[in-house]
There are 2 protein chains.
Amino acid sequence: MAPALSPSTARVLGTLIREGPTSRMQLARMTGLTPGGITRAISPLVDSGLVRETAARPAGGRGRPATALEVQADRELQVGVKVTATGLVAVLCDLRCRVLAEHHEELRGQDPPTVLEQVAELVRRWCREHPRVRRAGLSLSGDVDPSTGQVGYSPFLGWRDLPVGRLLAGMVDVPVVVENDVRALLTGEHMAGTGAGAHSLAMVTIGAGIGCALLLEGRVVHGSHGVLGEIGHVLADSAGPRCHCGNVGCVEALAGEAAVLEQMAGRGHPGLTVPEVVAMARAGSADAREVLAGAGRAIGIGLATLANLFGPAVIVLTGEAVGGPDGDYDVMAPSVREEFARRAFGSAADCELVLRPLTFTDWARGAAACAVAALLTSRAWNGEAAG
Amino acid sequence: MAPALSPSTARVLGTLIREGPTSRMQLARMTGLTPGGITRAISPLVDSGLVRETAARPAGGRGRPATALEVQADRELQVGVKVTATGLVAVLCDLRCRVLAEHHEELRGQDPPTVLEQVAELVRRWCREHPRVRRAGLSLSGDVDPSTGQVGYSPFLGWRDLPVGRLLAGMVDVPVVVENDVRALLTGEHMAGTGAGAHSLAMVTIGAGIGCALLLEGRVVHGSHGVLGEIGHVLADSAGPRCHCGNVGCVEALAGEAAVLEQMAGRGHPGLTVPEVVAMARAGSADAREVLAGAGRAIGIGLATLANLFGPAVIVLTGEAVGGPDGDYDVMAPSVREEFARRAFGSAADCELVLRPLTFTDWARGAAACAVAALLTSRAWNGEAAG
DNA sequence: AACAATTCATTGACACGCGCAAAGAAATCA
DNA sequence: TGATTTCTTTGCGCGTGTCAATGAATTGTT
């Protein structure tokens with residue numbers, strides 16, 4: 001494949017991707033390299049046309065004005081695919097992780113060959129239609145080792161100990177990375193989103209389960225036992241209901257999808273879905289509001305715990321019921337924020353809390369972002385040498 | 001100072017310090033370097049006498065037997081000093097962080113000049129008596145930035161925004177590092193202790209406050225806002241007592257020193273100290289046992305939360321009341337372990353829990369370990385260039 | 001208008017760190 | 001004694017990045 005970027009080149013390119021147009025001197029300051037090093041580092045990128053100079057900005061001060069460098073993001077494209085229990089979401093992204101095209105489809109089956117063939121067809125088709133596709137990323141929930149592409153266990157699909165990366169790499173013509181879905185979402189956020197380039201960042205997703213991924217000191221962290229960020233089983237209420245994990249009062253038992261629907265059923269509203277509950281709350285239903293507020297408080301405790309233990313600069317919370325930034329769907333948000341502020345200790349409360357609705361596109365974009373990240377960290381592509 | 005170790009040399013030396021006598025081939029496997037690289041990396045160390053070959057072991061298999069390399073740990077010594085609210089604890093350590101000498105003294109005052117002069121005198125004296133002292137480490141509780149030696153805020157001493165590293169470096173003849181006390185303890189543990197070389201490791205200290213430090217993917221992590229590991233304010237009991245932080249049911253409000261003594265007072269045993277409570281429990285006092293068991297359960301919840309969120313390989317728990325490894329002081333230990341096992345989710349329960357009594361020596365040794373760690377990471381020594 | 005001052009950018013020389021691969025060394029086994 | 005195996009060293013070379021000197025483009029000054 002591409003002749004593996006040198007450390008400096010990767011650092012500079014990563015900075016350009018995250019920060020947008022930047023002058024050489026700024027890059028030198030940001031990356032800690034010398035100006036000469038910058039020129040050297042970008043020279044292969046400029047030669048290949050991946051990076052170009054934009055018009056020199058007039059500059060206010062004295063001296064020679066700086067000329068900005070900009071990634072020609074559309075020169076190399078990525079396909080990102082997120083696999084859920086029932087379907088695929090795929091996006092075509094440029095290097096700066098902007099979405100150029102989007103595609104949803106149902107799974108034809110859940111067994112690995114069927115799913116992987118379906119993914120491969122999609123990747124191959126986009127590779128044909130867009131010759132600039134260079135990499136692909138695949139994300140799915142469960143225990144994934146991105147360095148080997150091995151899937152340990154994926155509960156939704158029922159897969160176990162499967163070399164997904166190697167298999168898929170053999171079916172398409174571009175290198176492939178496989179990642180856990182929440183970590184992929186986090187990677188996307190860190191590459192191009194609210195938390196772009198943040199020193200530390202946490203991502204929490206509320207859905208059927210509660211997911212969490214962490215980035216510390218610029219790196220996405222992986223737990224020793226494959227378990228990490230099990231925020232769903234943090235204690236939120238000692239007198240709370242029993243959780244499927246056997247304990248009492250877990251965040252998930254109070255705020256998970258099942259918990260919310262169960263509480264609604266207990267109040268005489270059986271057979272709903274989460275979006276319906278949210279709609280009811282917006283329409284003024286006291287039951288729906290109370291249930292979602294209770295869930296929000298539990299989540300707030302979980303987030304505060306996360307903030308107290310990690311001190312991230314930003315926590316991004318996503319989920320169907322979470323609500324948008326400006327009140328459009330703000331059903332849970334106030335109670336989340338209130339409880340978070342109450343239980344965050346000291347300067348952990350300075351942690352920025354970003355709430356946003358969950359879109360399938362973002363999940364898939366995260367997978368594409370992992371492909372870009374793998375390019376920048378010269379991590380192993382599946383099946384290939386460690387480049 | 002010493003001409004800064006190359007990355008490989010530092011890696012190899014670090015491995016030798018942590019693992020003890022090791023052959024070149026083993027080192028190559030452990031560090032990922034080639035055998036040739038190992039020979040090159042250690043050659044300056046062998047030349048300087050810091051590393052020596054030990055007698056070749058007979059070796060069971062065929063082929064040329066491996067000759068082990070060993071750090072001559074007593075060739076370079078470190079002074080480690082821990083400052084508490086009322087006193088200093090200092091140790092003299094060798095490169096493998098073995099304690100050669102120990103010293104306690106009272107503080108003559110709490111103002112920075114007095115304390116730093118007292119620390120400097122101690123360091124200077126040991127430098128005179130032992131010409132091989134090469135580095136010094138200082139640890140104190142509070143918000144410390146080890147990269148600059150700046151102390152943001154130290155509640156026990158009442159210091160605020162003080163360039164402790166630079167000041168102390170100007171008073172002694174060896175380079176100095178300053179660290180937060182719990183992170184220093186963790187560093188010591190990772191350098192030479194139960195968690196030596198662990199991929200991920202957490203340290204929790206129970207005392208007047210509850211402290212916590214984390215090591216992930218081989219690196220001690222620092223929070224964005226200086227706050228990290230505030231495990232003391234994790235929710236342990238929704239119906240619990242009010243904590244000084246304003247919340248209800250924090251671990252610290254149930255298991256902190258003040259909380260334990262208060263509960264004992266409430267049961268008609270006022271004016272005790274923690275060691276006295278432990279002694280009472282060992283002597284069979286039901287009150288003491290129940291109070292300590294309750295504290296243990298709260299701590300167990302805190303540790304389980306930590307394990308769920310981080311998935312560390314090992315958690316080390318220390319404190320006066322915690323108890324030793326084999327029941328000598330096992331008062332809290334059973335309830336800690338029981339509650340931990342209950343609330344640790346999935347494979348987070350595989351996390352090894354090490355309980356051990358707290359010794360002042362270990363604190364100071366941690367400070368010395370930070371000095372060794374700084375040597376290995378070629379981090380900036382205070383006041384000096386980033387070497 | 002010419003020149004200084006300032007800031008940005010490039011270039012060549014240099015060093016060093018490390019992988020690669022071949023050779024050398026020290027043991028066991030036949 | 002020689003073949004085999006395993007550990008260790010050495011010579012070679014490339015890639016990478018710093019350093020310092022030079023060049024380029026602008027603003028400010030006399």
Side-chain angles (χ1 to χ4, degrees), chain A residues 2-16 21-48 51-70 376-378 380 385-387, chain B residues 2-16 19 21-47 51-70 376-378 380 385-387:
Chain A
L5 275 48
S6 85
S8 294
T9 305
R11 280 186 64 162
V12 174
L13 180 56
T15 308
L16 280 173
T22 313
S23 81
R24 292 172 175 80
M25 288 305 288
Q26 287 171 342
L27 286 169
R29 280 188 290 269
M30 287 176 182
T31 59
L33 297 174
T34 58
I38 297 290
T39 296
R40 280 218 167 62
I42 57 163
S43 78
L45 303 177
V46 173
D47 290 349
S48 74
V51 167
R52 274 222 279 267
E53 294 191 347
T54 60
R57 275 182 300 177
R62 298 194 261 284
R64 175 176 173 173
T67 54
L69 295 164
E70 186 172 14
L376 297 177
T377 56
S378 40
Chain B
L5 277 47
S6 86
S8 294
T9 305
R11 280 186 65 163
V12 174
L13 180 56
T15 308
L16 280 172
E19 306 287 334
T22 312
S23 81
R24 291 173 176 80
M25 288 304 289
Q26 289 172 342
L27 286 170
R29 280 188 291 270
M30 288 175 182
T31 59
L33 297 174
T34 58
I38 298 290
T39 297
R40 281 218 167 63
I42 57 163
S43 78
L45 303 177
V46 173
D47 290 349
V51 167
R52 274 222 279 266
E53 294 191 348
T54 60
R57 275 183 298 180
R62 308 191 253 286
R64 176 176 173 173
T67 52
L69 296 164
E70 186 171 14
L376 296 177
T377 54
S378 40

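Lettering follows sequence order; numbering is per chain, from 1.
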Phosphate OP1/OP2 of [N] contacted by [X] side-chain N/O (<4.0 Å):
| X | N | answer |
| --- | --- | --- |
| A/Thr67 | C/dC8 | no |
| B/Ser8 | C/dC18 | yes |
| B/Ser6 | C/dC16 | no |
| B/Arg24 | D/dT9 | yes |

Spacing between [X] atom [atom1] and [N] atom [atom2], to the nearest angstrom:
| X | N | atom1 | atom2 | answer |
| --- | --- | --- | --- | --- |
| A/Leu33 | C/dT10 | CG | P | 14 Å |
| A/Leu27 | C/dT10 | CG | C1' | 15 Å |
| A/Glu53 | C/dA9 | CD | P | 8 Å |

Looking only at heavy atoms, which two atoms of [X] and [Y] are closest? And how far apart?
| X | Y | answer |
| --- | --- | --- |
| A/Thr9 | A/Ala41 | OG1-O, 3.2 Å |
| A/Ala10 | A/Leu376 | CB-O, 3.0 Å |
| B/Leu45 | B/Leu13 | CD1-CB, 4.0 Å |

So what does [X] touch, heavy atoms closer than 4.0 Å: a base, only the sugar-phosphate, or nothing?
| X | answer |
| --- | --- |
| A/Ile38 | nothing |
| A/Thr39 | base |
| B/Met25 | base |

Between A/Pro35 and A/Met25, is there a side-chain heavy-atom distance shorter than 4.5 Å?
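Touching, per the 4.5 Å side-chain cut-off.
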
Proximal nucleotide (of [options]) relative to the [X] side chain:
| X | options | result |
| --- | --- | --- |
| B/Arg40 | C/dT7, D/dC12, D/dG17 | D/dC12 |
| A/Arg62 | C/dT6, C/dT10, C/dG19 | C/dT6 |
| B/Arg64 | C/dT6, C/dA26, C/dT28 | C/dA26 |

